[in-house]
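Please read the structure below before turning to the comments.
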Amino acid sequence: MTSELSPIEKAKFIAAKQATEYVKSGMKVGLGTGSTASWLVRCLGEMVRDEGLQIKAVPTSSRTAQLAREVGIDVITLDEARWLDVTIDGTDEFDADLCLIKGGGGAHLQEKIVATASDQMIVIADASKKVDTLGSFPLPLEVIPFGAKTTQALIEETLIGMDVLGRDVTQRMAGDMPFISDEGNFIFDLHLRRIGNPRQLSLILNQIPGVVENGLFIDICDVVILGYGDGRVEVTDLTNDSHQELRFDVRDDDNIFFDIAD
Ligand code: 5RP
């Protein structure tokens, strides 16, 4: 029951549930990765099962693909879909321009490809993800393993000329081993603390050979749905320049998947 969820999980659930309003039968839908996105996948699975919702979904990671199949969603590849109606995903940070830092789960490469191939990208988040300036959350970079130490040195050198506060670069680990993305690559986390010019940084980082993709999403996200633990929801929509505040009535029997929260 929702009453057994922590306020933060409740906020994520509410944002995810609100986002299902954007999903209609017949749509091709990109499914994000992470704990917030997994609420969405479960909500959509419930709609498929109980309401006859018919969608085809492109997951942004092997984890999401597995969950989507488990809850009965029809999963296809991006090559099969070619173009999507909407992608709904979580984020690690977003600012007032709806620029994002993503990749906390190491899936930002597929997430960016899928979101870019969508008419609309909707971000679902709890209030902790809203920032004035991007950069407190370390910026993930997907890097190919070949020559990764050299690529790291090039990244560090590049950061010297950038409008950032910190310049530490660390390789993401999974225990004692390097973290490996779904594409077989490494992830480096850039501890920048403050990113003065995200657009410029994104362009420059992607020029470094060996860097596959950075976690900055600039001009990709159209809508942010922000959930709060007390049931409030804020919807910011850049496509019509609107900001709406809603209240989500959570019934105790609304959430049947509390025991499998990511
Ligand atoms: C994965 C991501 C996630 O969307 C991001 O890390 C947010 O995750 P969560 O919803 O668990 O806070 O970018 O690569």
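Residues: numbered from 1 along the sequence shown. Indexing begins at 1, ligand by ligand and atom by atom, following the structure's order.
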Notebook entry, point to check: What protein heavy atom is closest to atom 10 (O) of ligand 1, reported as residue, atom name and distance in Å?
Noted result: T36 OG1, 2.5 Å
Next item on the list: Check D89 against ligand 1 and report side chain, backbone, both or neither, counting heavy atoms closer than 4.0 Å.
Entry: side chain
Notebook entry, point to check: Would you say the side-chain atoms of S181 and E142 include a donor-acceptor pair closer than 3.5 Å?
Noted result: yes
Next item on the list: Before giving the answer on side chain to side chain donor-acceptor pair (under 3.5 Å), spell out for T170 and D189 the whole-Å C-alpha distance, their side-chain angles and the decisive distance to 0.1 Å.
Entry: CA-CA 5 Å; T170 54; D189 290 305; 4.7 Å; no
Next item on the list: Could you check if a side-chain atom of I101 sits within less than 4.5 angstrom of a side-chain atom of L216, using non-hydrogen atoms only?
Entry: yes
Notebook entry, point to check: What atoms in ligand 1 come closer than 4.0 Å to a heavy atom of G103?
Noted result: 2 (C), 13 (O), 14 (O)
Checklist line | Shortest reach to atom 14 (O) of ligand 1 by a heavy atom, considering only A15, A107, A16 | finding: A107
Checklist line | Minimum-distance protein heavy atom relative to atom 9 (P) of ligand 1 | finding: S35 OG, 3.3 Å
Check: In terms of residue, atom name and distance, what is the protein heavy atom nearest to atom 1 (C) of ligand 1?
Finding: E111 OE2, 3.1 Å
Item checked: Shortest non-hydrogen separation from G105 to F179 and the atoms involved -> O-CZ, 3.8 Å
Check: Does ligand 1 have any atom sitting under 4.0 Å from a heavy atom of G106?
Finding: yes
Checklist line | Modelled atom types, side-chain donor and acceptor of E183 and Q110, under 3.5 Å | finding: yes
Check: Counting from 1, what ligand 1 atoms have a heavy atom of G90 closer than 4.0 Å?
Finding: 4 (O)
Margin query: Show the atoms of ligand 1 that are less than 4.0 angstrom away from any heavy atom in G34.
Written below: 11 (O)
Notebook entry, point to check: Any idea which protein heavy atom is nearest atom 7 (C) of ligand 1, and the distance to it?
Noted result: T91 O, 3.3 Å
Item checked: Ligand-residue contact atoms, ligand 1 with D92, heavy atoms, under 4.0 Å -> 5 (C), 6 (O), 7 (C), 13 (O)
Next item on the list: Consider only side-chain N and O atoms of E213 and N206, and report whether a donor and an acceptor are under 3.5 Å apart.
Entry: yes
Margin query: T33 versus ligand 1: do any nitrogen or oxygen atoms come within less than 3.5 Å of each other?
Written below: yes
Next item on the list: Write out the residue and atom name of the closest protein heavy atom to atom 12 (O) of ligand 1, then the distance separating them to 0.1 Å.
Entry: K129 NZ, 2.6 Å
Notebook entry, point to check: For atom 4 (O) of ligand 1, which protein heavy atom lies nearest, and how many Å away is it?
Noted result: K102 NZ, 2.8 Å
Note to self: Does this structure show an ion pair linking K28 with D85, if we count only N-O contacts that are shorter than 4.0 Å?
What the structure shows: no
Next item on the list: Answer with yes or no whether the side chains of S61 and T64 bring together a donor and an acceptor at under 3.5 Å.
Entry: yes
Notebook entry, point to check: Would R63 and D182 pass as an ion pair if we require N to O under 4.0 Å?
Noted result: no
